[in-house]
S.K.: 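Can you keep this structure in mind? I'll have questions shortly.
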Amino acid sequence: MLVRRRSVVVSAVLCGVFAVAGCSTTESGNAQPSASADLSAATAALWDPCSQISDSTLAGLGLDVASERSGILGAEEPGWKICLWDEANFPPSYGASVATTVHTVDEVRAKTNNIEFKDVTVAGRQGVQFRQSNYDADEECNFVFPTSSGSAQFGIINTTSKSKGVAPCDRIRPIAEAVVPNLPK
């Protein structure tokens with residue numbers, strides 16, 4: 001059950017993931033990968049939510065510090081720095097994620113699976129709220145904000161009725177309010 005729950009949270013986090021591969025022709029007839037070194041450097045330079053958000057902040061927000069996971073099921077994703085936590089009061093049905101990425105808010109908007117976009121202001125910063133079409137409104141919510149390196153995304157997913165007393169967007173807002181002021185502009 002825990003693996004299924006984590007997989008569901010991971011799929012919510014991946015809503016903005018796009019393929020980032022390209023080729024350039026540096027010699028006639030020889031296609032060479034051009035994005036891998038640049039993507040690796042860009043990924044390394046991203047703000048890391050796992051190391052930049054304090055345990056006291058997480059605990060104060062009702063997240064289980066001991067449940068922290070980085071990447072996607074333990075694997076790092078090129079172009080992303082992802083951190084996930086279970087809710088302290090509702091494991092394993094409610095999970096939160098904070099991610100930074102080289103991808104832009106416009107790329108998130110362009111993904112056809114992302115729907116119900118609304119402008120939001122959190123901690124004085126303009127962003128966008130949305131959800132994925134494969135989740136109901138009472139199951140998932142995401143906020144995404146532009147950054148100098150791409151964007152930062154906050155997500156929450158709720159997969160059981162046990163904890164549906166709090167709307168996902170209402171639950172992710174205080175997490176975003178606590179973290180957004182620390183994000184790179």
Side-chain angles (χ1 to χ4, degrees), residues 6-55 57-58 61 63 65 67-85 95-115 117 119-132 140-157 172 175-185:
R6 285 186 179 167
S7 295
V8 171
V9 171
V10 167
S11 68
V13 171
L14 288 177
C15 65
V17 174
F18 293 88
V20 182
C23 291
S24 65
T25 53
T26 57
E27 294 180 37
S28 179
N30 292 332
Q32 301 292 324
S34 63
S36 61
D38 292 341
L39 182 58
S40 179
T43 302
L46 289 170
W47 186 85
D48 185 357
C50 287
S51 65
Q52 297 295 316
I53 304 171
S54 72
D55 288 352
T57 297
L58 295 167
L61 292 166
L63 299 174
V65 175
S67 71
E68 181 176 289
R69 301 166 309 281
S70 68
I72 304 301
L73 297 175
E76 299 305 317
E77 183 69 28
W80 291 83
K81 293 262 177 114
I82 302 166
C83 205
L84 303 101
W85 302 269
S97 64
V98 178
T100 55
T101 181
V102 299
H103 300 288
T104 66
V105 173
D106 288 339
E107 288 177 284
V108 172
R109 283 183 176 273
K111 189 163 184 202
T112 58
N113 191 41
N114 296 337
I115 62 171
F117 293 99
D119 292 336
V120 294
T121 301
V122 174
R125 195 154 178 181
Q126 296 295 314
V128 177
Q129 173 185 309
F130 68 97
R131 72 176 174 91
Q132 293 183 85
E140 191 222 23
C141 185
N142 297 280
F143 292 166
V144 62
F145 301 91
T147 67
S148 59
S149 58
S151 64
Q153 187 169 317
F154 296 77
I156 196 131
I157 188 154
I172 198 64
I175 296 170
E177 286 172 349
V179 176
V180 162
N182 301 313
L183 292 174
K185 301 239 178 196

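Not measured: the values here are computed from a predicted model.
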S.K.: If I take atom NZ from residue K81 and atom CG from residue D48, how far apart are they, to the nearest 0.5 angstrom?
M.R.: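 Rounded to the nearest 0.5 Å, the NZ-CG separation comes out at 4.5 Å.
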S.K.: Compare every heavy atom of P146 with every heavy atom of V105, then report the nearest pair and how far apart it is.
M.R.: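 V105 and P146 have their closest heavy atoms at CG2-N, 3.6 Å.
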S.K.: Looking only at heavy atoms, what is the nearest atom pair of I82 and A99, with distance?
M.R.: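 What the structure gives for the nearest pair is CG1-CB, 3.9 Å.
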S.K.: Any side-chain heavy atom of N114 sitting closer than 4.5 Å to one from Q132?
M.R.: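 Contact flag for N114/Q132 side chains = yes.
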S.K.: What is the minimum heavy-atom distance between P78 and L39, and which atoms define it?
M.R.: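 Shortest heavy-atom contact: CB-CD2, 3.6 Å.
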S.K.: Checking S54 now: which residues fulfil side-chain contact (heavy atoms from CB on, under 4.5 Å) with it, not counting sequence neighbours?
M.R.: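 Testing S54 for side-chain contact (heavy atoms from CB on, under 4.5 Å), a comparison that skips the adjacent residues, returns S56, T57.
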S.K.: With a 4.5 Å cut-off on side-chain heavy atoms, are V122 and R125 touching?
M.R.: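 No, too far: nothing below the 4.5 Å cut-off.
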S.K.: For a side-chain contact (heavy atoms from CB on, under 4.5 Å) with P49, tell me which candidate from V98, L84, V179 qualifies.
M.R.: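 The passing option is V98.
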S.K.: Sequence neighbours excluded, which residues qualify as side-chain contact (heavy atoms from CB on, under 4.5 Å) partners of A123?
M.R.: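 For A123, the residues satisfying side-chain contact (heavy atoms from CB on, under 4.5 Å) (neighbours in sequence not counted) are V180, P181.
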S.K.: Hey, does V128 have a side-chain heavy atom less than 4.5 Å from the side chain of V120?
M.R.: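 Result no, sub-4.5 Å side-chain heavy-atom pair not found.
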S.K.: Output all residues satisfying side-chain contact (heavy atoms from CB on, under 4.5 Å) with A42, sequence neighbours left out; order by chain, then residue number.
M.R.: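 Testing A42 for side-chain contact (heavy atoms from CB on, under 4.5 Å), a comparison that skips the adjacent residues, returns V102.
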S.K.: Could I get the full list of side chain to side chain donor-acceptor pair (under 3.5 Å) partners for T43, not counting sequence neighbours?
M.R.: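 Per chain and number, T43 pairs via side chain to side chain donor-acceptor pair (under 3.5 Å) with no residue.
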S.K.: Between OG1 of T101 and CD of Q153, what distance do you get to the nearest 0.5 Å?
M.R.: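 If we round to the nearest 0.5 Å, T101:OG1 and Q153:CD are 8.5 Å apart.
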S.K.: Look up atom CD in Q129 and atom CD1 in I172, then write down how far apart they are to the nearest 0.5 Å.
M.R.: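 If I round to the nearest 0.5 Å, the distance is 10.5 Å.
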S.K.: Quick check for you: to the nearest 0.5 Å, what is the distance between I157 atom CD1 and C141 atom SG?
M.R.: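 Taking CD1 in I157 and SG in C141, the distance rounds to 11.0 Å.
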S.K.: Rounded to the nearest 0.5 Å, what separates atom CD in E140 from atom CZ in F130?
M.R.: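 It comes to 7.0 Å.
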S.K.: Taking salt bridge (Lys or Arg N to Asp or Glu O under 4.0 Å) as the cut-off, I'd like each qualifying pair that reaches into residues 141-157, sequence neighbours left out, listed once.
M.R.: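 Salt bridge (Lys or Arg N to Asp or Glu O under 4.0 Å) check on residues 141-157 returns no pairs.
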S.K.: Just to verify, what does E68 make a side chain to side chain donor-acceptor pair (under 3.5 Å) with, not counting sequence neighbours?
M.R.: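 E68: side chain to side chain donor-acceptor pair (under 3.5 Å) contacts with W85.
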S.K.: Just to verify, what does F143 make a ring-ring contact (aromatic ring centres under 6.0 Å, His included) with, not counting sequence neighbours?
M.R.: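 F143: no ring-ring contact (aromatic ring centres under 6.0 Å, His included) contacts found.
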S.K.: In chain order, what residues pass the side-chain contact (heavy atoms from CB on, under 4.5 Å) check against N182, with sequence neighbours excluded?
M.R.: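 Here the qualifying residues are W47.
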S.K.: Taking only residues two or more places apart in sequence, or in another chain, which ones meet S70 in a side chain to side chain donor-acceptor pair (under 3.5 Å)?
M.R.: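 Side chain to side chain donor-acceptor pair (under 3.5 Å) check on S70 returns E76.
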S.K.: Look at the rings of F154 and F145 and say which category their plane angle falls in: under 30° parallel, 30 to 60° tilted, over 60° perpendicular.
M.R.: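 It falls in the perpendicular class, over 60°.
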S.K.: Mind checking the SG-CG spacing from C83 to L63? Nearest 0.5 Å is all I need.
M.R.: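 Answer for the SG-CG pair, C83 versus L63, is 10.0 Å.
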S.K.: Suppose we screen for side chain to side chain donor-acceptor pair (under 3.5 Å). Which residues come up paired with T121, at least two apart in sequence or across chains?
M.R.: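 In terms of side chain to side chain donor-acceptor pair (under 3.5 Å), with neighbours along the sequence ignored, T121 is linked to Q126.
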